[in-house]
Amino acid sequence: MANPPGQQTKPHWLRVLFVLPFIAMLWVSSYNRLTPELFGFPFFFWYQLLWVIVSAALAGIIYKVEH
């Protein structure tokens with residue numbers, strides 16, 4: 001599809017960053033342990049929660065760049 005005159009396409013290469021959390025969560029052996037603890041939470045739990053926050057930040061950054 002052609003774009004209307006005066007409208008440019010925006011690069012979507014940043015969407016590749018969405019693969020990082022996906023790979024991090026699939027590689028279970030990298031976080032399947034109890035130590036180090038953070039505020040009493042085992043590594044297994046706080047690592048996964050950290051990736052939820054990182055994923056939201058990545059989504060926000062990609063949204064801002066593309067819009």
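Counting begins at 1 with the first residue of the sequence.
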| request: Tell me, yes or no, whether the heavy-atom count around F18 atom CZ, taken from other residues, nucleotides or ligands under 6.0 Å, exceeds 12. | output: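 It does: F18 CZ has more than 12 such atoms within range.
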Please name the pair of heavy atoms, one in [X] and one in [Y], separated by the smallest distance, quoted to 0.1 Å.
X: F44; Y: N32; answer: CD1-CA, 4.2 Å
X: W46; Y: E37; answer: NE1-C, 4.0 Å
X: M25; Y: Y31; answer: O-OH, 3.0 Å
X: V65; Y: L14; answer: CG1-CD1, 3.4 Å

| request: Using the six-membered ring wherever Trp is involved, compare the ring planes of Y63 and H67 and label them parallel, tilted or perpendicular (cut-offs 30° and 60°). | output: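 Rings of Y63 and H67: parallel, as their planes differ by under 30°.
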| Side-chain heavy-atom pair Y47, S30 within 4.5 angstrom cut-off | yes
| Do P21 and L58 come within less than 4.5 Å of each other through their side chains, counting heavy atoms only? | yes
| task | Give the other cluster members for W27, using side-chain heavy-atom distances under 4.5 Å between Ile, Leu, Val, Met, Phe, Trp and Tyr residues; answer none if it is isolated. | result |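 Members other than W27 - counting any ILVMFWY side chain reachable under 4.5 Å - there are none.
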| message | Side-chain heavy atoms under 4.5 Å apart, restricted to Ile/Leu/Val/Met/Phe/Trp/Tyr: what other residues fall into the cluster of V19, or is it alone? | response | I23
Are [Y] and [X] connected into the same hydrophobic cluster when the rule is that any two of I, L, V, M, F, W, Y join if their side-chain heavy atoms are below 4.5 Å apart?
X: L20; Y: V54; value: yes
X: W51; Y: L38; value: yes
X: F43; Y: F39; value: yes

Just how far is it from atom [atom1] of [X] to atom [atom2] of [Y], taken to the nearest 0.5 Å?
X: W13; Y: E66; atom1: CH2; atom2: CD; value: 10.0 Å
X: T35; Y: R33; atom1: OG1; atom2: CZ; value: 6.5 Å
X: F45; Y: L34; atom1: CZ; atom2: CG; value: 8.5 Å

